[in-house]
Amino acid sequence: MTFGFATDRPAPPRVVRRPAARGWRRGLRRAATGWAFAGPATAIVVGLSVFPAAWAFLISRTKWNGISPARDVGWGNYQTMAQDPELAAAVGHTLWLTALFVPSSILLGMLIAVALNRKIRFSGFYRTCIFVPYVASAAATGILATFVFNPQFGVANDTLRRLHLPTQQFLESRHEALLVIVVIALWGEIGFTSVIYLAALQDIPAELTEAASVDGAGRWRVFWHVVLPELRAVTVFTAVWQTITAIQLFDLVYTTTRGGPLQSSETVVYYMYELAFQTQRFGYGSAVAYGLFAVTMLLTLGIFWYSRRAKVEAF
Amino acid sequence: MAVVPAPRRAARHRFRLPFSGWHLLLMPLSLLFVLPLVQMVLTSFMSDSDINRFPPRFIPRHLYLAGYAGLFTESHVLRWLVNTIVVSAIAVLAHLVLCSMAGYGFARLKFAGRNVGFFLMVATVMIPTQLLMIPTYLMFARLGIVDTLAAAFVPWLASAFGIFLMRQFFLALPVELEEAAALEGATVWQIFLRIVLPLARPALATLALFTLLSSWNDLVWPLIAISNEKWYTLQVGLTMFQGTRRTQWSLLMAGNVVATMPLIIAFIAAQRRFVATMTFSGLKG
């Protein structure tokens with residue numbers, strides 16, 4: 001740091017320049033050095049994803065329980081998917097969960113970030129409190145949630161009783177389980193979105209908002225016309241990230257309801273896990289996983305496309 | 001202690017900020033986020049009769065250690081803790097070494113196949129974990145690492161996120177230092193080890209924290225690949241425990257405390273770094 005490189009602003013990304021030393025230019029040696037640096041990690045990442053993903057596709061075209069020989073069924077598994085009522089229900093649950101989770105986590109994250117960005121006392125303390133649940137594992141969070149939302153002696157119902165409100169069955173109710181899972185997921189994830197938004201807010205140059213205030217814009221107008229547009233990029237990022245989080249939510253379902261009661265909180269991911277690891281239907285399970293992959297990718301690309309059209313540079 | 005020098009007091013007053021309405025939002029929210037965790041800790045010290053009473057008790061009447069005693073005698077929790085520490089330590093170390101090397105390679109070195117390799121690596125981000133569960137399990141079975149700790153740490157040896165994070169950091173470093181060193185005849189490895197890595201400390205800290213968090217909290221990989229109780233990680237052990245001890249809350253909460261508190265304490269100790277890190281992690285750019 002004594003070299004004076006600790007500049008205030010990070011230098012803009014540079015294109016790799018040709019290094020001055022001549023030895024580097026010898027192609028083969030350069031490739032060897034380059035791959036010695038980049039190879040091991042790339043091999044692990046690609047080997048643990050592209051290769052198994054291709055294998056999963058082969059498996060998805062078979063009927064296989066892992067023990068007896070696999071039987072080729074072509075696109076049969078994919079056709080089964082179209083007529084599987086349990087899968088249809090699981091898709092519905094996943095859509096509900098995503099539709100509830102993503103907007104709430106964005107709005108709440110933004111609201112909390114705006115609050116934390118005010119220069120008030122204890123803001124560091126508040127920030128810590130709100131972020132801590134993000135550090136706790138989803139497994140522990142799920143177990144804790146079954147305690148807090150326990151219909152008989154959980155705190156949630158106790159609070160309702162004290163407020164003279166009707167008590168609920170929460171995770172043990174077919175109609176409430178999914179909603180409660182969303183609430184628990186929000187509890188664990190809001191810390192993340194708030195901190196991301198907080199960082200984005202702190203990046204907005206003070207001159208921008210001050211100029212607007214000087215021009216006579218009220219607080220709300222400043223937020224709406226100056227701050228919000230500046231947050232578009234981070235919102236696109238958060239939307240993509242949280243959509244993927246919601247679609248792939250597994251640990252929480254596993255530790256709270258295991259898809260119950262009566263499959264009312266069974267998501268696609270959980271259904272896939274059951275197919276593969278409880279009933280040993282590897283072929284069909286892989287097909288469902290591919291379906292999920294396709295949808296995730298379409299959604300992600302859709303959000304990208306939208307943000308590109310809206311001229312938001314999120315990534 | 002009662003006599004506080006007047007001038008200092010006045011100085012303090014000057015820095016006191018006026019009450020803000022935002023407290024009305026943040027205070028209850030903070031409680032909502034923290035109280036369940038506080039209750040988790042308190043419940044772990046309660047007797048079952050204290051827990052299963054009506055209305056529920058928040059503060060334990062006496063300090064009962066039965067939950068912890070049960071946890072430590074009836075399960076392999078200490079072993080699970082050691083397993084988890086081993087898995088996370090290997091994951092963090094491997095990430096630091098492999099991802100910083102790859103990040104530097106992709107950021108600064110020019111070599112045949114670099115762009116293809118980088119593109120392939122970034123593209124893997126879109127593949128969901130669920131798609132990989134079955135073939136990875138089968139692959140582990142062929143490699144003979146099912147039911148070993150390797151099944152828990154192999155998926156965490158390196159990650160696209162880690163490589164990308166380090167690459168972004170190296171790209172933002174001014175290149176002149178490295179050029180100067182190269183002119184003086186330093187090799188790529190010397191430049192990397194002596195000049196670049198020491199400058200990369202903040203990025204390495206970020207990487208270490210994220211890897212610690214995700215490997216420690218990982219449930220999926222050990223859950224599908226480890227069925228021998230001795231090789232469980234804490235997260236798997238907890239969920240297995242939950243299945244058999246549904247109503248022994250003090251025991252379950254004690255398990256939760258053991259599984260979460262190390263990270264929570266580490267986070268509170270390193271929180272400045274952590275939050276600064278989240279903001280810089282390239283998540284914005």
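Chain letters run A, B, ... following the sequence lines, proteins first and then strands; every chain starts at 1.
When each of I264(B), T124(B), V34(B) is checked for heavy-atom pairs under 4.5 Å with chain A, T124(B) comes out on top. With respect to chain A, the highest number of heavy-atom pairs below 4.5 Å among L98(B), T136(B), L131(B) belongs to L131(B). For chain A, the option among L31(B), I224(B), L120(B) with the highest count of heavy-atom pairs below 4.5 Å is I224(B). Top candidate by heavy-atom pairs under 4.5 Å with chain B, chosen from R162(A), M297(A), R118(A), is R118(A). Counting heavy-atom pairs under 4.5 Å between each of V148(A), T128(A), T42(A) and chain B puts T128(A) at the top. Taking chain B as the reference chain and counting heavy-atom pairs below 4.5 Å, the highest number among I143(A), D251(A), L116(A), V132(A) is found for I143(A). By number of non-hydrogen pairs under 4.5 angstrom with chain B, the leading residue of A140(A), A139(A), A136(A) is A140(A). Among the candidates V154(B), V236(B), L138(B), L32(B), the residue making the largest number of heavy-atom pairs closer than 4.5 Å to chain A is L138(B).
Interface remark: Q39(B) contributes side-chain atoms only to the contact with chain A (heavy atom separation under 4.5 Å). For a residue to count as touching a neighbouring chain, one of its non-hydrogen atoms must lie under 4.5 Å from one of that chain's; by this rule L35(B) does not touch chain A. For V97(B), no part lies near chain A; criterion is any non-hydrogen pair under 4.5 Å. With a 4.5 angstrom heavy-atom cutoff, T43(B) touches chain A only via side-chain atoms. Contact annotation for I163(B): only side-chain heavy atoms (C-beta onward) come within less than 4.5 Å of a heavy atom of chain A. Looking at M139(B), the atoms closer than 4.5 Å to chain A (heavy atoms on both sides) sit in the backbone and in the side chain alike. With a 4.5 Å cut-off on non-hydrogen atoms, F170(B) does not touch chain A at all. Contacts between S30(B) and chain A at a heavy-atom distance below 4.5 Å involve backbone atoms as well as side-chain atoms. Looking at L25(B), only its side chain comes within 4.5 Å of chain A, counting heavy atoms on both sides. For F147(A), the parts lying under 4.5 angstrom from a heavy atom of chain B are both the backbone and the side chain. Looking at T239(B), the atoms closer than 4.5 Å to chain A (heavy atoms on both sides) sit in the backbone and in the side chain alike. Proximity to chain A (any heavy atom under 4.5 Å) is restricted, for L223(B), to the side chain, taken from C-beta onward. Looking at A32(A), there are no atoms closer than 4.5 Å to chain B (heavy atoms on both sides), in backbone or side chain. Within the 4.5 angstrom heavy-atom criterion, atoms from both the backbone and the side chain of A160(B) approach chain A. At a 4.5 Å heavy-atom cutoff, N157(A) makes no contact with chain B through either its backbone or its side chain. Contact annotation for M166(B): neither backbone nor side-chain heavy atoms come within less than 4.5 Å of a heavy atom of chain A. With a 4.5 Å cut-off on non-hydrogen atoms, F122(A) touches chain B through its side chain but not through its backbone. Proximity to chain A (any heavy atom under 4.5 Å) is shown, for M27(B), by both the backbone and the side chain.
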Acceptor/donor pairs from residues 43-60 of chain A side chains to any protein atom, 3.5 angstrom cut, sequence neighbours excluded:
unit_1, atom_1, unit_2, atom_2, d
S49(A), OG, V45(A), O, 2.6
S60(A), OG, F57(A), O, 2.7
S60(A), OG, Y78(A), OH, 2.7

Show your working on side-chain contact (heavy atoms from CB on, under 4.5 Å) between H23(B) and I120(A) and close with a plain yes or no. CA-CA 8 Å; H23(B) 286 292; I120(A) 56 173; 3.9 Å; yes
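Here the side chains of F192(B) and S100(B) are in contact, with some heavy-atom distance below 4.5 Å. Two residues are said to be in side-chain contact when any heavy atoms from C-beta on lie closer than 4.5 Å; M40(B) and T260(B) meet this criterion.
In this structure, OH on Y104(B) lies 10.5 Å from CH2 on W189(B), to the nearest 0.5 angstrom.
In this structure, F111(B) and A38(A) approach most closely via the heavy-atom pair CZ-CB, 4.0 Å. Here the shortest heavy-atom pairing between T255(A) and Q242(B) reads O-NE2, 2.7 Å. For L238(B) against L252(B), the heavy-atom pair with the smallest separation is CD2-O, 4.4 Å.
Y137(B) meets the ring pair (Phe, Tyr, Trp, His ring centres under 6.0 Å) test with F277(A); sequence neighbours excluded.
When atom types are taken as modelled, the side chain of T84(B) and the backbone of L234(B) share a donor-acceptor pair closer than 3.5 angstrom. Judged by distance alone, the side chain of E178(B) and the main-chain N or O of V196(B) form no donor-acceptor pair under 3.5 Å. A donor-acceptor contact shorter than 3.5 Å links the side chain of R30(A) to the backbone of K110(B). Checked by atom type and distance alone, the side chain of W221(B) never pairs as donor or acceptor with a backbone atom of S215(B) at under 3.5 Å. Between the side chain of Q235(B) and the backbone N or O of W216(B), at least one donor-acceptor pair lies under 3.5 Å.
Both tests hold for R258(A) against Y254(A): distance to the six-membered ring centre under 6.0 Å, angle to the ring axis within 45°.
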